[in-house]
Amino acid sequence: MNDTKIGVRQFAGCEVCKLNVADRTWRVPGDFNYNAKFLFVAEQFQPTLAGKLKKLLRACDFPTDDIEIAYLTRCNAGEEVKAQIREGQHCKPLLDRLLSKVSKDTIVVPLGATPCKVVAGKKSILVAHGTVSDLDGRICVPTLHPAQVIAY
């Protein structure tokens with residue numbers, strides 16, 4: 001997984017998005033690893049997520065050299081738009097396009113309730129957590145968000 005670059009570049013369609021305000025922080029995708037063994041899908045871009053996730057994975061003796069992170073939104077949208085994100089209204093076409101390019105051997109891991117709903121189509125992370133399902137020919141295993149794990 002490459003280090004995330006922070007920038008102000010916007011993407012096609014951003015100009016019509018409700019999240020498009022001047023002070024948003026955008027994730028500028030670098031060389032995305034479409035063949036990573038694990039693709040973690042988080043709700044929205046958070047600069048510290050990759051570090052927290054790697055720390056948790058290393059504590060569990062999980063290899064962290066072949067993972068990638070995708071987001072339901074390309075920016076840090078904040079709390080005010082969580083309902084719209086939960087409904088998959090923002091950046092969903094970009095995420096769908098990314099998922100269509102990911103290797104069929106990649107295991108998709110939605111992190112938390114919202115990615116579990118939007119990506120895996122599951123209503124409850126508490127029920128879906130750790131279950132294995134099919135996502136367009138890929139293995140999908142929803143799990144708790146690292147912040148939840150750290151909190152408990």
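Keep in mind it's a predicted model, so treat the numbers as computed, not measured. Note that the numbering runs from 1 along the sequence shown for the chain.
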Which residues satisfy the salt bridge (charged side-chain N to carboxylate O under 4.0 Å, His left out) test with D136, sequence neighbours excluded? none
Check: A36 main-chain N/O paired with E68 side-chain donor or acceptor under 3.5 Å: no
How far apart are the closest heavy atoms of D66 and K37, and which atoms are they? OD2-CG, 2.9 Å
Please test L98 against D96 for side-chain contact (heavy atoms from CB on, under 4.5 Å), starting from the C-alpha separation and ending with a verdict. CA-CA 5 Å; L98 181 142; D96 290 342; over 6 Å; no
Report the distance from atom CG of L39 to atom OG1 of T106, rounding to the nearest 0.5 Å. 7.0 Å
Going by the rule side chain to side chain donor-acceptor pair (under 3.5 Å), which residues pair with N35 if we only count those two or more places apart in sequence or in a different chain? none
Report the residues that fulfil side-chain contact (heavy atoms from CB on, under 4.5 Å) with K55, sequence neighbours left out, ordered by chain and then residue number. none
Can you list the residues that meet the side-chain contact (heavy atoms from CB on, under 4.5 Å) rule with A113, with sequence neighbours excluded? I125
side-chain contact (heavy atoms from CB on, under 4.5 Å) for T143 and L111? Distances and angles first, verdict last. CA-CA 5 Å; T143 192; L111 295 172; 3.6 Å; yes
Would you say P110 and C140 make side-chain contact, with heavy atoms under 4.5 Å? yes
Nearest 0.5 angstrom please: K117 NZ to K122 NZ, how far? 14.0 Å
Residues that L57 engages under side-chain contact (heavy atoms from CB on, under 4.5 Å), provided they are two or more places apart: F40, L53, F62, T64, I67
Flag yes if V132 and V127 sit in one hydrophobic cluster, no otherwise; membership is Ile, Leu, Val, Met, Phe, Trp, Tyr, and two members link when side-chain heavy atoms are under 4.5 Å apart. no
Any chain of hydrophobic side-chain contacts (each under 4.5 Å) joining Y34 to V108? yes
Does the pair T131 and V141 meet the rule for a side-chain contact (heavy atoms from CB on, under 4.5 Å), with working shown? CA-CA 6 Å; T131 62; V141 185; over 6 Å; no
So which atom in L95 and which in A70 form the shortest heavy-atom distance, rounded to 0.1 Å? CD1-CB, 4.2 Å
Counterpart residues, side-chain contact (heavy atoms from CB on, under 4.5 Å), relative to D105 (two or more places apart): S103
Would I69 and V41 count as a side-chain contact (heavy atoms from CB on, under 4.5 Å) if you check the C-alpha gap in whole Å, the side-chain angles of each, and the deciding distance to 0.1 Å? CA-CA 6 Å; I69 299 177; V41 183; over 6 Å; no
